[in-house]
Peer 1: 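Dumping the structure here so I can ask a few things about it.
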Amino acid sequence: MPVLMLDGGDLFGRRNKNDQHQTHFLCEVTGDFGYDGIGLGEADLNYGLDFLREMIEKYDLPFTNANVVDRNTGELILPEYLIVEKNGIKFGLVSILAPRHKIITMTETDSGLDIKDPVATMRELMPRLREECDTVVLIGHLGEGQTDTLVREVKGFDLVLMGHVHRTLKKGRLVDDTIILAAPHEGRFAGRSDIFVNDENGRVEAFEVEVTSLDEALDDEPEMAKRVEEYKASFEEFKLAKRADFPRDLGSEKETYLGARSCKTCHEDTWAAYAESSHNTAFTSIRAKGMSNEPECILCHTTGYRYLNGFAEKSPFNKLSNVQCEACHGYGTEHDRDGKWIAQAKDSCVTCHDQENSPEFDYATYWEKIKH
Ligand code: HEC
Ligand code: HEC
Ligand code: HEC
Ligand code: HEC
């Protein structure tokens, strides 16, 4: 029986370099699955348009979208729609992105793209689609409410697959006489729907839906499981290679960082001053840039990254994010009152406030801002 394979979009990962690495693998596998159409999700532009185009080219991904345009030229960035023939029936696959799903890329501050109004776009496009194909399928990246609005405002859709929906729709539903199906997120489920198309007029006349959870109850496909394992190993290598420039070779295995919270119990006043400072939110700054997995940034925006028992992604060492008390004073387990801790802290500033990252650094004026 002919199968129409569709994906609702948001295939790509979050805006950081580790996810970008994984996205390469996801695209490779998705390419091999041989989808007929993939609707564009805003997350698929997380690494910029050039990266999306590179993936499309390299892995032969059938992305489509009818309402995202280059702001300068007004031209669509992807094919407006796709026509796929199965069993002699021509399916028109069209995808629309909701304007409220902001496109934010990791590479530029402004993506340079505009999302045009869904209803106006479809009003213009629907007559052409109805003329060229038998069955019109919307891969809507709109969420549920806006999907229903679009289907009610513009007549002519036979079938809708919704992306960007975070709940599992175990059954299809009807809006007027259009069938609405959902593609649940994160690849945790596979949705299968048997549709019966009238080959006289292309109308979908009946359907059945089956949603399968891709959990432990289902055996892994051996060949794919092998590829996943191989990829995981290469991902670990990728992370280790990044880390290699910042070896954890300082300090002592015998000493430990206790975390700023433990200092707070005895040094309430100091804590109050510290909590106000931007040292206390330094990790947020790199996370906002999608760089919280990058050693080149973690180095100065956390506590003890190059030190034994210092910050690491794994618990309990992840509690050492931000520039905490011990980033300046040293290991909590070395707590003493001989003045060494104070001297150490005074010397610490320039390890992070270097020429490149803090060109205006001057001890007296900077200390004044964070004194305690
Ligand atoms: C482990 C690295 C590190 C050490 C050590 C360090 N800083 Fe910082 N400091 C930072 C980072 C990172 C920021 C930026 C925080 C942010 O906004 O993300 C910062 C920000 C500051 C700011 C705020 C700048 C502003 O105008 O908002 C001051 C003031 C400052 N540091 C003073 C000091 C002084 C004085 C010392 C030494 C006693 C010191 N820092 C030691 C990493 C460090
Ligand atoms: C050698 C230490 C060091 C490294 C490495 C470093 N930073 Fe910083 N960063 C600082 C210091 C110090 C400041 C505060 C500068 C100042 O105010 O004088 C700062 C400030 C910032 C700020 C400004 C916070 C704000 O909004 O005012 C951002 C954002 C930031 N860093 C991001 C990054 C990113 C992203 C990376 C990695 C690419 C990085 N940093 C690597 C030390 C570092
Ligand atoms: C950015 C670096 C930095 C951070 C973060 C920092 N300190 Fe300090 N701290 C210093 C420096 C430098 C001095 C010495 C100032 C001086 O005497 O000139 C100091 C002094 C002190 C003193 C001695 C005060 C006195 O005069 O007797 C205490 C106690 C202290 N810090 C506790 C803390 C605690 C607790 C935290 C976290 C809540 C903290 N510090 C965070 C740099 C830091
Ligand atoms: C059990 C209580 C307690 C805890 C927890 C504690 N301190 Fe202290 N700390 C003290 C006392 C008491 C002194 C000496 C009196 C003072 O300077 O306030 C002191 C002194 C200091 C001094 C000045 C040292 C000197 O040579 O004069 C620094 C710096 C300091 N503490 C930082 C920290 C940091 C950082 C932490 C968290 C890792 C921490 N303390 C946790 C009780 C504590």
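Starting from 1, each residue takes its place in the sequence as its number. Note that the structure is a prediction, hence the values are computed from the model and not measured. In listed order, ligands and their atoms are each counted from 1.
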Peer 1: Measure across T147 and M162 and return the closest heavy-atom pair with its distance rounded to 0.1 Å.
Peer 2: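 Taking T147 first and M162 second, the nearest heavy atoms are OG1-SD, 3.6 Å.
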Peer 1: Which one of K346, K369, K371 has a non-hydrogen atom at the shortest distance from atom 25 (C) of ligand 1?
Peer 2: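 Among K346, K369, K371, the closest heavy atom to atom 25 (C) of ligand 1 comes from K369.
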Peer 1: Using every non-hydrogen atom in the two residues, find where A225 and D220 come nearest and quote the distance to one decimal.
Peer 2: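 A225 and D220 have their closest heavy atoms at CB-CB, 3.9 Å.
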Peer 1: Between K289 and E294 (salt bridge meaning N to carboxylate O under 4.0 Å), is one present in this structure?
Peer 2: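 Salt bridge between K289 and E294, a charged N being under 4.0 Å from a carboxylate O: no.
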Peer 1: Just to be sure I read this right, does ligand 3 sit under 4.0 Å from the backbone of W341, its side chain, both, or neither, counting only heavy atoms?
Peer 2: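 Under 4.0 Å from ligand 3, W341 contributes no heavy atoms.
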Peer 1: Can you list every ring-ring contact (aromatic ring centres under 6.0 Å, His included) pair that touches residues 190-230, not counting sequence neighbours?
Peer 2: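 Sorted result for residues 190-230: empty, none.
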Peer 1: Within the 4.0 Å heavy-atom shell around S285, which atoms of ligand 1 are there?
Peer 2: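 Every atom of ligand 1 under 4.0 Å from some heavy atom of S285: 16 (C), 17 (O), 18 (O).
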Peer 1: Could you tell me whether atom 1 (C) of ligand 3 has at least one protein heavy atom nearer than 4.0 Å?
Peer 2: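 Within 4.0 Å of atom 1 (C) of ligand 3, protein heavy atoms are found.
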Peer 1: Can you sort out which atoms of ligand 2 are near K289, meaning under 4.0 Å from one of its heavy atoms?
Peer 2: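 Going through ligand 2 atom by atom, the ones under 4.0 Å from K289 are 29 (C).
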Peer 1: May I ask you to decide whether E80 forms a salt bridge with R128, counting only side-chain N to carboxylate O separations under 4.0 Å?
Peer 2: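 Here E80 pairs with R128 in a salt bridge, since their nearest N and O are under 4.0 Å apart.
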Peer 1: Identify, with sequence neighbours excluded, every residue that meets ring-ring contact (aromatic ring centres under 6.0 Å, His included) alongside H21.
Peer 2: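 For H21, the residues satisfying ring-ring contact (aromatic ring centres under 6.0 Å, His included) (neighbours in sequence not counted) are Y231, F235, F238.
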Peer 1: Does one side chain, of S252 or E255, offer a donor that lies under 3.5 Å from an acceptor on the other?
Peer 2: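 Distance-only check fails for S252 and E255.
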Peer 1: Considering non-hydrogen atoms of the protein only, which is the closest contact for atom 15 (C) of ligand 2, and what is the distance?
Peer 2: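 Sorting protein heavy atoms by distance from atom 15 (C) of ligand 2 puts N357 O, 3.3 Å first.
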Peer 1: Do me a favour and list the nearest non-hydrogen protein atom to atom 13 (C) of ligand 3 with residue, atom name and distance?
Peer 2: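 Among all protein heavy atoms, the one nearest atom 13 (C) of ligand 3 is W367 CH2, 3.5 Å.
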Peer 1: Determine how many protein N/O/S atoms sit closer than 2.8 Å to atom 8 (Fe) of ligand 1, leaving waters out since they are not shown.
Peer 2: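 Under the 2.8 Å cut-off, the count stands at 2.
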Peer 1: Can you check which of Q324, H335, R337 brings a heavy atom nearest to atom 5 (C) of ligand 3?
Peer 2: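 Ranked by closest heavy atom to atom 5 (C) of ligand 3, first place is Q324.
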Peer 1: Salt bridge check: are D148 and R173 linked by an N-O gap of less than 4.0 Å?
Peer 2: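 Result for this pair is yes, salt bridge flagged.
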Peer 1: If you compare all heavy atoms of T64 against all heavy atoms of L78, which two are closest, and at what distance to 0.1 Å?
Peer 2: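 Closest heavy-atom pair between T64 and L78: C-CD1, 4.1 Å.
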Peer 1: Could you list the atoms of ligand 2 found under 4.0 angstrom from a heavy atom of C297?
Peer 2: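 Every atom of ligand 2 under 4.0 Å from some heavy atom of C297: 34 (C), 35 (C), 36 (C), 37 (C), 38 (C), 39 (C), 41 (C).
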Peer 1: For atom 23 (C) of ligand 2, state whether the nearest protein heavy atom is under 4.0 Å away.
Peer 2: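 Under the 4.0 Å cut-off, atom 23 (C) of ligand 2 has no protein heavy-atom neighbours at all.
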Peer 1: With a cut-off of 2.8 Å, which protein N/O/S atoms are close to atom 8 (Fe) of ligand 3, if we only count those under it?
Peer 2: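 Counting only protein N, O or S atoms under 2.8 Å from atom 8 (Fe) of ligand 3, the list reads H329 NE2, H372 NE2.
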Peer 1: Run the salt-bridge test on E296 and K242 with the 4.0 Å N-O cut-off and return the result as yes or no.
Peer 2: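 No, this pair does not count.
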Peer 1: Would you mind telling me which of L6, D158, V197 makes a side chain to side chain contact (heavy atoms under 4.5 Å, CB included) with F91?
Peer 2: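 So the option named by the test is V197.
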Peer 1: Measuring from H329:NE2 to K340:NZ, what's the distance to the nearest 0.5 Å?
Peer 2: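 Atom-to-atom, H329:NE2 and K340:NZ are 13.0 Å apart.
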Peer 1: Could you tell me which non-hydrogen atom of A182 sits nearest to which non-hydrogen atom of L161, and how far apart they are?
Peer 2: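 Scanning both residues completely, I find the closest heavy atoms to be C-CD1, 4.1 Å.
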Peer 1: Return the residue, atom name and 0.1 Å-rounded distance of the protein heavy atom closest to atom 41 (C) of ligand 2.
Peer 2: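 The closest one turns out to be E296 O, 3.5 Å.
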Peer 1: Provide the number and element of each atom of ligand 3 under 4.0 Å from a heavy atom of C263.
Peer 2: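 Checking each atom against C263, I get 35 (C).
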Peer 1: Contact between ligand 2 and E294 is defined here as a heavy atom of the residue under 4.0 Å from a ligand atom; is it met?
Peer 2: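 It does not, in that no heavy atom of E294 comes within the 4.0 Å cut-off of ligand 2.
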Peer 1: Treating Y47 as the side-chain partner and R14 as the backbone partner, does any N or O pair qualify as donor plus acceptor under 3.5 Å?
Peer 2: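 Here the side-chain-to-backbone pair exists.
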Peer 1: Going by the order shown, which atoms of ligand 2 are within less than 4.0 Å of some heavy atom of C300?
Peer 2: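 Once the distances to C300 are compared, the set is 1 (C), 2 (C), 3 (C), 4 (C), 5 (C), 42 (C), 43 (C).
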Peer 1: Cation over ring, R248 on F311, under 6.0 Å and within 45°?
Peer 2: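 No, cation not above the ring by the 6.0 Å, 45° rule.
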Peer 1: Are side-chain N/O atoms of E132 and Y81 paired as donor and acceptor at under 3.5 Å?
Peer 2: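 A donor-acceptor contact under 3.5 Å links the two side chains.
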Peer 1: Under 2.8 Å from atom 8 (Fe) of ligand 2, can any N, O or S atom of H301 be found?
Peer 2: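 Of the N, O and S atoms in H301, at least one lies under 2.8 Å from atom 8 (Fe) of ligand 2, which means yes.
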Peer 1: If you round to the nearest 0.5 Å, how far is CD1 of I89 from CD of E200?
Peer 2: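 The CD1 atom of I89 is 10.5 Å from CD of E200, to the nearest 0.5 Å.
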Peer 1: Give a yes or no on whether atom 27 (O) of ligand 3 lies under 4.0 Å from any heavy atom of the protein.
Peer 2: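 Within 4.0 Å: no protein heavy atom nearby.
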